[in-house]
Amino acid sequence: MAFDAGNGVHIPLIGYGTYGLPKDVLKRAIVEGGYRHIDTASYYDNEEVIGEILREVFAETSIKREDMFIVTKVWNHEKEDIAGALKASLARLGLAYVDLYLIHWPVQISGFKENCKPIRLPLHKQWPQMEEMVRQKLTRSIGVSNFNFQLLNDLLTYAEIRPVANQIELSPYLTQTNLVEWMKKERILPIAYCPLGGRSAKKEENFLNDKTILEIAERHKVTPAQAVLAWGLARGHASLPKSSDPTRMKQNIDVFSIKLSQEEVDAISKLDKNHRTVPAVRIPDWGYAPVFE
Ligand code: A2P
């Protein structure tokens with residue numbers, strides 16, 4: 001199942017988050033898991049490996065470039081030259097174009113990691129560079145990540161090419177209901193990262209052990225993770241679950257036939273605690289950028 005972005009672009013609603021995963025796992029996700037929406041970023045330092053995998057997959061299987069939906073992102077210190085950043089990503093990926101290019105964070109810095117410093121670079125000077133990437137056919141669509149309502153609403157006042165998606169952290173403990181509902185009205189797809197709670201997924205206090213979710217999963221004879229991913233689909237957001245386990249990898253994409261009732265969707269949404277697992281970008285001598293404050 002896919003979101004129709006209205007410009008000929010269809011975004012598969014379950015994608016695969018690639019951060020920190022080894023090559024064999026990533027290749028298995030495409031070949032055996034059936035994932036076609038692959039989410040990377042220049043920051044993840046795995047674009048070259050993904051490029052190698054894609055070349056192998058295209059040579060060894062019947063999967064073609066057009067079957068894949070490849071997403072990458074411009075990092076915070078690359079935004080003075082977005083064309084240079086995307087061309088470097090494409091060279092690492094070995095691709096002529098990506099399907100979706102995202103501004104990774106609404107944070108502007110110069111330098112990388114321990115050497116980075118905040119700079120002032122307005123979004124209205126970044127977005128036209130993003131639009132130019134569509135015009136040059138280096139990406140089929142553009143979007144943002146970690147944007148709040150005001151940033152995105154403001155961007156819509158001058159965007160000539162609209163963002164098709166905003167990739168944000170979403171889970172039963174971080175529902176961001178107002179933002180999700182508004183984005184749906186604007187036909188901007190919310191894409192969830194850490195939909196299973198990220199690093200906290202294996203901890204006792206994670207929502208995968210929550211009584212409400214366990215009961216709903218039991219009723220539908222699915223796993224708690226599948227129930228959570230089906231909840232995302234029912235409320236209209238895409239998800240990027242990450243698993244290195246072959247069985248869970250397959251289960252996490254096998255969720256399209258799970259139909260939760262409105263009561264079940266509401267019961268999961270009520271678990272919201274406004275709990276984030278990803279605390280934005282750390283800037284030395286400054287702490288975390290206050291993106292969400
Ligand atoms: P594993 O790789 O052993 O499956 P997120 O997608 O929110 O980033 O969460 C990733 C974490 O969730 C990983 O630790 C992953 O572990 C775990 N995970 C992924 N799929 C499932 C599942 N179906 N059930 C339980 N835990 C899962």
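Each ligand, and each atom within it, is numbered from 1 in the order the structure gives. Since the structure is predicted, the reported quantities are computational estimates derived from the model, not experimental observations.
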**Message:** With no hydrogens and no angle check, just 3.5 Å: does a side-chain donor-acceptor pair link Gln176 and Glu169?
**Reply:** no
**Item:** Non-hydrogen atoms of Thr277 and Cys194 that approach each other most closely
**Value:** OG1-SG, 3.9 Å
**Request:** Could you list the atoms of ligand 1 found under 4.0 angstrom from a heavy atom of Cys194?
**Result:** 5 (P), 7 (O), 8 (O)
**Side-chain ion pair, Arg135 and Glu160, N-O less than 4.0 Å** = yes
**Complete:** If you scan protein heavy atoms around atom 15 (C) of ligand 1, the nearest is Lys242 O, 3.5 Å
**Request:** Could you tell me whether Glu114 and Arg282 have a side-chain N and a carboxylate O separated by less than 4.0 Å?
**Result:** yes
**Fill in**
Under 4.0 Å between heavy atoms, the region of Ala201 that gets near ligand 1 turns out to be side chain
**Message:** So for ligand 1, is Gly198 a polar contact partner (N or O within less than 3.5 Å, distance only)?
**Reply:** yes
**Prompt:** Side chains of Ser89 and Glu47: donor-acceptor distance under 3.5 Å anywhere?
**Reply:** yes
**Message:** Could you tell me if Gln262 and Asp266 have a donor-acceptor pair between their side chains, going purely by distance under 3.5 Å?
**Reply:** yes
**Request:** Do me a favour and list the nearest non-hydrogen protein atom to atom 22 (C) of ligand 1 with residue, atom name and distance?
**Result:** Arg248 CD, 3.2 Å
**Message:** Using 30° and 60° as the class boundaries, would you call the ring planes of Tyr19 and Tyr44 parallel, tilted or perpendicular?
**Reply:** tilted
**Asked** Of all the non-hydrogen atoms in the protein, which one sits nearest to atom 2 (O) of ligand 1, and at what distance?
**Response** Ser244 N, 2.8 Å
**Residue Pro241 vicinity, atoms of ligand 1 by number, heavy atom under 4.0 Å** = 6 (O)
**Message:** Any nitrogen or oxygen of Leu196, side chain or backbone, less than 3.5 Å from one on ligand 1?
**Reply:** yes
**Complete:** Nearest non-hydrogen protein atom to atom 20 (N) of ligand 1, with distance, is Asn252 ND2, 2.9 Å
**Asked** Using 4.0 Å as the upper bound for N to carboxylate O, is an ion pair formed by Arg36 and Asp67?
**Response** no
**Message:** With nothing but distance in play, are any N or O atoms of Lys202 less than 3.5 Å from an N or O of ligand 1?
**Reply:** yes
**Request:** Assess Gly17 for proximity to ligand 1: is some non-hydrogen atom of it under 4.0 Å away?
**Result:** no
**Message:** Under 4.0 Å from a heavy atom of Pro195: which atoms of ligand 1 are those, numbered in the order shown and with their elements?
**Reply:** 6 (O), 7 (O)
**Message:** Could you check whether Trp127 and Tyr158 have their ring centres less than 6.0 Å apart?
**Reply:** no
**Request:** Output yes when the distance from some N or O of ligand 1 to some N or O of Ala225 is under 3.5 Å, and no in every other case.
**Result:** no
